[in-house]
Amino acid sequence: MSIQPVPQPAFYITTPIYYVNDKPHIGHAYTTIACDVMARFKRLDGFRVKFLTGTDEHGQKVAKAAADKGVPPIAICDQNSQYFRDLAKALGATNDDFIRTTEQRHVESCQALWRRLEDNGHIYLDKYAGWYSVRDEAFFDESELTQGPNGKLAPTGAPVEWVEEESYFFDLSKWQDKLLELYDSNTDFIAPKSRFNEVRSFVAGGLRDLSVSRTTFSWGIPVPGNDRHIMYVWIDALTNYITGLGHPQATEEMKVFWPESLHMVGKDIIRFHCVYWPAFLMGAGLTVPKRVFAHGWWTIEGQKMSKSLGNAIDPHMLVEKYGLDQLRYFLLREVPFGNDGDFSESGIGQRINGDLANEFGNLAQRFLSFIAKNLGGVLPEPGPLNEDDNALLESCHRLLDQCRDAINQQSFNGVLDAIWSVVRAANVYVDKQAPWTLRKTDPARMNTVLYVLAEATRHLAILMQPFVPAAAAKLLDQLAVPEDRRSFAVLGEAHALKGGTPLPAPQGIFPRYAPPGETAKGETAKGEGPK
C-alpha cells in the first residue's frame, strides 16, 4: 500500500487593487508590505501561496482625468498602473501576479459573474435616483450626508451630486439575513473586531437594492447584452480576486486557493468587501472569502495626508532615505495593525537605532566579532548546557507557535513583540555570561555561551525573514546557514548549528540612522563589553 503525500496547505493573500487616479503613497506601501509579510511567512511555513495585487482602472474619475488631459483613458491607466507595478518591486513584494482591470481576462471574468447573477434572478433593470460621490464611486442615503459650505458631503467628506439614470440593480435587500448569518457563524470573517461590529450594525439596519450599472459615462466593462450600460466600478473591481485565479474557468488555482483567501483592505472600503462582495458571490453560487482585514490609516507628523496639504509621501523616497528593511519593520511594528498610525522622522529613527541597530544588530555583531577575533572565525563546539542556556534556547523553540498565532490574526506587531522578547533576553544573557571575561577564566564555558548565542540568533534571523528579508539573509549568511535550510521547518534543536563550522567575516546588518546634518555611529557602538 503506497503512502499518499500530505497535500500542501493553501493560502491566498490579496491587496485591494489600487485606483489609478494618482501616484502611490505610504498607505499603498503599507498594505503591500503587510501582504508581502503574510505571503513570505506562509511560504516559509510550508504553505502553497498565491499573492495578488494590481490596479483598478475603470470609473468616472479616470474618465474625467483623461478628458481633462485630452488623452484616452487607457493612456492614464497605462502610465499610473506602471507606478504601482514599480512600487511593488521597490518594496520587495513577492506577488505572483499583477492584475489590471482593463485586461481581457478580467472583462471576461466580470461578464461571466454578471451572467450568473442575472441567470439566478438577482439582477433587474429599473431607474435610479440618489446622491452620488464621484470620489468614492458610491451612492449614499440622505441620512448619511452632512451639509458642507458648498453642498452636501458624503461621510468621507467628498462632495455628492444628485444623479438620475436608468440602471440595473442587484437585489442586495434580499441578502440581509444571509449576511448576518455569515457574520454570526464566522466571527473571524471580518477583522479587527471594531470593523466587524461596524459592518454587522450597518447590515442589521437594513439594506437597499444596489445600483450596479451606469449610462452617464462609458469607461468601464460593458454589461453583457446591453452595452449602453457599463458595470458599476465595485462589481468590476471586486471580481479581480477571482479573475486572478482563472475565473470563470474551473482552474486548479480556483480549486486550491478559493476560498482560502485573506483580503487586506483599508478601513474606508470595508463595506464594499464585507457586504457587497459576499452578497455578489452568494448570488452567483460561489463561496465567500475566508477573511477580510481592514487596517487603519497613516497620518504624517500628525496630519492626514491630502493633496491640498501636499504632504503625501513618496514611498520610493522613504526606501531611499531609511532603507527598505527598516521601512518594512517600522510600518508593521509601530502600531497594532488595524489601528491608525503616525509617520514621523523621530519615530522611524528611534525604531532603526533602538530596535534594529542597538538591540538586534548589535547582539549579532558582539558575538560574531568576538568569534572572528578570538576563535579564528570558527563556531565553537558547545559543552554542557546550564539553566540559563536552556532557558534562552527554549524561548527560541517556543517562538514559532507564538508567531503563528499572531500572524494568523494579522497581528504583525504581535509577531515582532514575541521575537523581540527573545532579542532582549539574548542581550541580557550575553551581558550576564560575559564571554569576554570567560575567555580568560573558563574558555570551555565561553565556547558554550558563544554557541548558544549563535543558535538563538539563527532562530531570530529565520523568523525575521518575512519582515526584513535582505538583512535576515545577510545575517544567516554570516552564520553559514545554507539557503535551503532557512524555512521554518528547520527551527528547533534537531537542525541546530554544527560546532566547528567556519563563519564568514562579520558585517553590520543595520546601519544607524542619523537625521541630515548628524553623524551616525555604527551598530556595534556598545562594543563587546568590558575587556
Side-chain angles (χ1 to χ4, degrees), residues 12-14 16 113-114 116-124 126 128 130-131 133 136-145 154-156 167-213 231-242 247 257-296 337-339 408-411:
Y12 183 37
I13 178 77
T14 68
L113 182 71
W114 182 284
R116 291 181 73 152
L117 290 170
E118 199 167 39
D119 290 347
N120 291 346
H122 300 302
I123 286 181
Y124 62 91
D126 205 333
Y128 189 85
W131 293 103
S133 161
D136 298 317
E137 302 276 12
F139 282 97
F140 293 95
D141 189 83
E142 187 149 10
S143 64
E144 300 178 89
L145 306 179
T156 59
S167 176
Y168 283 95
F169 284 79
F170 171 71
D171 59 358
L172 185 64
S173 61
K174 295 181 181 176
W175 295 95
Q176 179 177 348
D177 291 344
K178 287 279 189 184
L179 288 167
L180 292 174
E181 182 183 332
L182 168 66
Y183 307 149
D184 293 342
S185 64
N186 180 10
T187 54
D188 285 335
F189 176 64
I190 305 169
K193 186 66 176 176
S194 59
R195 303 296 163 216
F196 175 92
N197 294 337
E198 172 192 327
V199 171
R200 196 191 185 289
S201 176
F202 171 76
V203 173
L207 297 173
R208 295 191 308 165
D209 287 356
L210 180 69
S211 170
V212 289
S213 75
M231 294 185 196
Y232 174 45
V233 71
W234 276 104
I235 197 170
D236 168 354
L238 291 162
T239 304
N240 95 88
Y241 301 125
I242 53 176
H247 178 267
F257 290 112
W258 193 262
E260 296 301 319
S261 52
L262 168 61
H263 297 328
M264 204 81 85
V265 302
K267 64 181 182 180
D268 54 325
I269 54 175
I270 188 73
R271 184 185 300 181
F272 304 108
H273 284 80
C274 296
V275 181
Y276 301 168
W277 182 224
F280 293 155
L281 290 165
M282 289 189 286
L286 299 172
T287 50
V288 301
K290 196 168 189 178
R291 184 171 170 88
V292 179
F293 194 105
H295 63 71
F337 199 65
N339 293 3
N408 286 335
Q409 296 302 314
Q410 290 72 63
S411 176

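Everything numeric in this text was worked out from a predicted model, so none of it was measured. All residue numbers refer to positions in the sequence shown, counting from 1.
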Problem set entry | Shortest non-hydrogen contact from Leu172 toward Ala279 | CD1-CB, 3.7 Å

Exercise. Would you call Pro16 and Tyr241 a side-chain contact if the rule is heavy atoms closer than 4.5 Å?
Worked result: yes

Exercise. Roughly how far, to the nearest 0.5 Å, is the OG1 atom of Thr187 from the CZ atom of Phe196?
Worked result: 6.0 Å

For this session: Please lay out, stage by stage, how Trp114 and Thr239 fare under the test side chain to side chain contact (heavy atoms under 4.5 Å, CB included).
Result: CA-CA 10 Å; Trp114 182 284; Thr239 304; over 6 Å; no

For this session: Please tell me if the side chains of Leu286 and Leu113 come closer than 4.5 Å, counting only heavy atoms from C-beta onward.
Result: yes

Exercise. Has the side chain of Asn120 got a donor or acceptor atom that lies under 3.5 Å from a matching backbone atom of His122?
Worked result: no

Exercise. Can you name the closest pair of heavy atoms from Leu179 and Pro278 and give their distance?
Worked result: CD2-CG, 3.9 Å

For this session: May I ask you to check whether Phe293 and Phe337 place their ring centers less than 6.0 Å from one another?
Result: yes

For this session: For residues Ser261 and Thr14, determine if any side-chain heavy atom of one lies less than 4.5 Å from a side-chain heavy atom of the other.
Result: no

Exercise. When you check the gap from the basic side-chain N to the acidic O, do Glu181 and Lys178 get nearer than 4.0 Å?
Worked result: no

Problem set entry | Lys290 atom NZ: more than 12 heavy-atom contacts under 6.0 Å | no

Exercise. CZ/Arg116 to CD1/Ile123 distance, rounded to the nearest 0.5 angstrom?
Worked result: 12.5 Å

Exercise. Which distance, rounded to the nearest 0.5 Å, do you find between the CD of Glu260 and the CD1 of Ile13?
Worked result: 12.5 Å

For this session: Please work out which of the three classes, parallel, tilted or perpendicular, describes the rings of Phe280 and Tyr276, given edges at 30° and 60°.
Result: tilted

Exercise. Passes side chain to side chain donor-acceptor pair (under 3.5 Å), His247 versus Trp258? Steps please.
Worked result: CA-CA 10 Å; His247 178 267; Trp258 193 262; over 6 Å; no

Exercise. Atom CE of Met231 and atom OG of Ser213: how far apart are they, to the nearest 0.5 Å?
Worked result: 9.5 Å

Exercise. Should Asp136 and Pro155 count as side-chain neighbours, where that means a heavy-atom distance under 4.5 Å?
Worked result: no

For this session: Considering non-hydrogen atoms only, spot the tightest contact between Ala138 and Tyr232 and give its length.
Result: CA-OH, 3.9 Å

Exercise. Salt-bridged, Glu144 to Arg208, with N to O below 4.0 Å?
Worked result: no

Exercise. Where is the tightest heavy-atom contact between Gly338 and Pro192, given as atom of each residue plus distance?
Worked result: CA-CG, 4.3 Å

Exercise. Rounded to the nearest 0.5 Å, how far apart are CD1 of Ile242 and CZ of Phe257?
Worked result: 15.5 Å

Exercise. For the side chain of Asn240 and the backbone of Ala237, is there at least one donor-acceptor N/O pair under 3.5 Å apart?
Worked result: yes

Exercise. Should Val292 and Arg195 count as side-chain neighbours, where that means a heavy-atom distance under 4.5 Å?
Worked result: no

For this session: Could you walk me through whether Gln409 and Arg291 pass the side chain to side chain contact (heavy atoms under 4.5 Å, CB included) test, one step at a time?
Result: CA-CA 10 Å; Gln409 296 302 314; Arg291 184 171 170 88; 3.6 Å; yes

Exercise. Got Phe202 and Cys274 here, is their nearest side-chain heavy-atom distance under 4.5 Å?
Worked result: no

Exercise. Under 4.5 Å between any side-chain heavy atoms of Pro259 and Tyr12, yes or no?
Worked result: no

Exercise. Which one of Leu182, Val199, Val275 satisfies the side chain to side chain contact (heavy atoms under 4.5 Å, CB included) criterion with Ile190?
Worked result: Val199

Problem set entry | Tyr124 to Asp209 - nearest heavy-atom pair and separation | OH-OD2, 2.6 Å

For this session: Start with the C-alpha distance between Leu210 and Ile235, add both sets of side-chain angles, then the distance that settles side chain to side chain contact (heavy atoms under 4.5 Å, CB included), and finish with yes or no.
Result: CA-CA 10 Å; Leu210 180 69; Ile235 197 170; over 6 Å; no

Problem set entry | Closest approach of Phe189 to Pro289 (non-hydrogen atoms, all atoms of both residues) | CE1-O, 3.3 Å

Exercise. Say you draw a straight line from OG of Ser173 to CH2 of Trp175; how long is it, rounded to the nearest 0.5 Å?
Worked result: 11.0 Å

Problem set entry | Residue pair Glu118 / Tyr168, side-chain heavy-atom distance below 4.5 Å | yes

